[in-house]
Amino acid sequence: MVKYFLGQSVLRSSWDQVFAAFWQRYPNPYSKHVLTEDIVHREVTPDQKLLSRRLLTKTNRMPRWAERLFPANVAHSVYILEDSIVDPQNQTMTTFTWNINHARLMMVEERCVYCVNADNSGWTEIRREAWVSSSLFGVSRAVQEFGLARFKSNVTKTMKGFEYILAKLQGEAPSKTLVETAKEAKEKAKETALAATEKAKDLASKAATKPPQQRQQFV
């Protein structure tokens, strides 16, 4: 049994811009799980299509229950091959990715098609398919459920990373990450609390040095 994913996303940038950003998207604040990327093959076909193969290394944190099934020396990194076909004439880019280690534990295969959005020629549409499978007897269903959930989470990070890189390439200020926003909010709260404390100390000091008021005597 295989878990299947089908999704569609839109980037509000032209196909040319997305194509350029695709090769520059690592590193970004949302891709800390991507450790390395290397181009192992590239060629231009007679019909002017660009074929590429890249090797990516990513972290592969297992769920706690799965860690008990494997020895501690099992590598926590996963090696991923990515094949891509770029057709500049038709403005399409198709990518195929799959992991080449830990395949018995879990195999994740993905196919993405980047093309011009039908409703807005200045936007790019991404059609994404994925297949998650496992050969582990007795726990394959649980592994597949975990793999599908993690894949969906990584898709969200991928899109945020794309938007971040596109903003940088277009000279815009990239939107802040949740971590950066939370850090700024925490620092601002500290500053506000410190200012309030200093003000309270100042008021207390003034109250202590102020002479007592004479009570009005009534005859």
Side-chain angles (χ1 to χ4, degrees), residues 2-35 37 39 42 44-45 47-56 58-59 78 80-99 106-133 144-182 184:
V2 176
K3 291 292 181 180
Y4 177 69
F5 173 87
L6 175 64
Q8 184 172 309
S9 308
V10 173
L11 290 168
R12 297 187 178 185
S13 298
S14 69
W15 184 87
D16 289 337
Q17 291 170 329
V18 172
F19 167 67
F22 179 83
W23 306 107
Q24 304 178 57
R25 56 182 174 156
Y26 303 128
N28 68 70
Y30 302 95
S31 67
K32 294 181 180 179
H33 63 292
V34 180
L35 305 178
E37 59 169 333
I39 297 174
R42 178 163 283 173
V44 177
T45 64
D47 56 350
Q48 299 304 303
K49 292 179 182 177
L50 175 66
L51 308 182
S52 301
R53 169 167 286 188
R54 294 198 298 176
L55 175 64
L56 306 172
K58 300 183 180 182
T59 56
V78 59
I80 297 173
L81 280 180
E82 174 197 85
D83 285 351
S84 60
I85 305 172
V86 180
D87 184 349
Q89 183 175 357
N90 295 310
Q91 291 190 308
T92 63
M93 177 169 62
T94 305
T95 63
F96 305 90
T97 60
W98 68 98
N99 56 295
M106 181 168 57
M107 171 69 76
V108 180
E109 301 167 277
E110 180 190 41
R111 179 179 184 268
C112 292
V113 178
Y114 299 74
C115 58
V116 177
N117 181 260
D119 299 324
N120 189 324
S121 60
W123 293 359
T124 303
E125 182 177 304
I126 306 174
R127 302 168 190 166
R128 191 185 311 271
E129 290 181 282
W131 298 263
V132 182
S133 59
Q144 289 170 9
E145 291 287 354
F146 169 79
L148 183 61
R150 184 168 63 181
F151 177 83
K152 292 178 180 179
S153 174
N154 286 341
V155 168
T156 301
K157 294 177 182 178
T158 296
M159 295 305 296
K160 288 184 177 294
F162 243 128
E163 292 167 354
Y164 182 92
I165 295 300
L166 283 165
K168 287 187 67 176
L169 293 178
Q170 295 168 24
E172 301 173 6
S175 57
K176 295 173 182 173
T177 66
L178 291 176
V179 174
E180 292 171 336
T181 303
E184 288 187 3

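The analysis underlying the following values was restricted to heavy atoms, covering all of them including side chains, and did not include hydrogens, waters or symmetry mates.
To the nearest 0.5 Å, atoms CZ (R111) and CD (E129) are separated by 6.0 Å. Taking CZ from R53 and OG from S84, the interatomic distance works out to 10.5 Å, rounded to the nearest 0.5 Å. A distance of 6.5 Å separates CZ of R127 from CD of Q8, quoted to the nearest 0.5 Å.
In terms of heavy atoms, R12 sits closest to W123 at CA-CD1, 3.5 Å. When all heavy atoms of I165 and N28 are compared, the pair lying nearest together is CD1-CB, 4.0 Å. Across all their heavy atoms, S31 and R25 have their closest contact at OG-O, 4.4 Å. Taking all atoms of both residues into account, the shortest heavy-atom contact from V116 to W15 is CG2-CB, 4.0 Å.
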* To do: Start with the C-alpha gap between W98 and D83, add the side-chain angles, then the distance that decides, and say whether side chain to side chain contact (heavy atoms under 4.5 Å, CB included) holds.
  => CA-CA 9 Å; W98 68 98; D83 285 351; 3.5 Å; yes
* Give the C-alpha distance, both sets of side-chain angles, the deciding distance and a yes or no for side chain to side chain contact (heavy atoms under 4.5 Å, CB included) between L166 and Q17. => CA-CA 7 Å; L166 283 165; Q17 291 170 329; 4.1 Å; yes
* Hey, mind stepping through Q144 and S133 against side chain to side chain donor-acceptor pair (under 3.5 Å) and telling me if it holds? -> CA-CA 6 Å; Q144 289 170 9; S133 59; 5.8 Å; no
* Asked: So K49 and V86, side chain to side chain contact (heavy atoms under 4.5 Å, CB included) or not? Walk me through it.
  -> CA-CA 6 Å; K49 292 179 182 177; V86 180; over 6 Å; no
* To do: Kindly indicate, with the supporting measurements, whether the criterion side chain to side chain contact (heavy atoms under 4.5 Å, CB included) is fulfilled by K3 and F151.
  => CA-CA 11 Å; K3 291 292 181 180; F151 177 83; over 6 Å; no
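Between L11 and I126, the closest side-chain pair of non-hydrogen atoms falls below 4.5 Å. Annotation: side chain of E110 is not in contact with side chain of F96 (no heavy-atom distance under 4.5 Å). Residues Q24 and L169 are in side-chain contact: their nearest non-hydrogen atoms beyond the backbone lie under 4.5 Å apart. Looking only at side-chain heavy atoms (C-beta outward), M106 and R150 come within less than 4.5 Å of each other. L148 is listed as a side-chain neighbour of F5, based on a closest heavy-atom distance under 4.5 Å. Side-chain contact between E163 and K168 is absent, with no heavy atoms from C-beta onward closer than 4.5 Å. Side-chain contact between R128 and V155 is present, with heavy atoms from C-beta onward closer than 4.5 Å. At least one side-chain heavy atom of M107 sits less than 4.5 Å from a side-chain heavy atom of N99.
Annotation for Q89: atom CD does not count as buried by contact number, only 12 or fewer foreign heavy atoms lying within 6.0 Å.
Residue L55 is tested with L81, I39, I80 for a side chain to side chain contact (heavy atoms under 4.5 Å, CB included); the sole match is L81.
Between Y164 and Y30, the ring-plane angle classifies as perpendicular under the 30° and 60° cut-offs.
A cation-pi geometry, defined here as NZ or CZ lying under 6.0 Å from the six-membered ring centre and within 45° of its normal, holds between R42 and W23.
Judged purely by distance below 3.5 Å, without hydrogens or angles, the side chains of N90 and T92 never pair a donor atom with an acceptor atom. A donor-acceptor contact closer than 3.5 angstrom is absent between the side chains of T97 and E82. Checking N120 against N117 by side-chain atom types alone, no donor-acceptor pair falls below 3.5 Å. S9 and E125 share no side-chain donor-acceptor pair at under 3.5 Å. Side chains of Y114 and Q91: no donor on one and acceptor on the other come within 3.5 Å.
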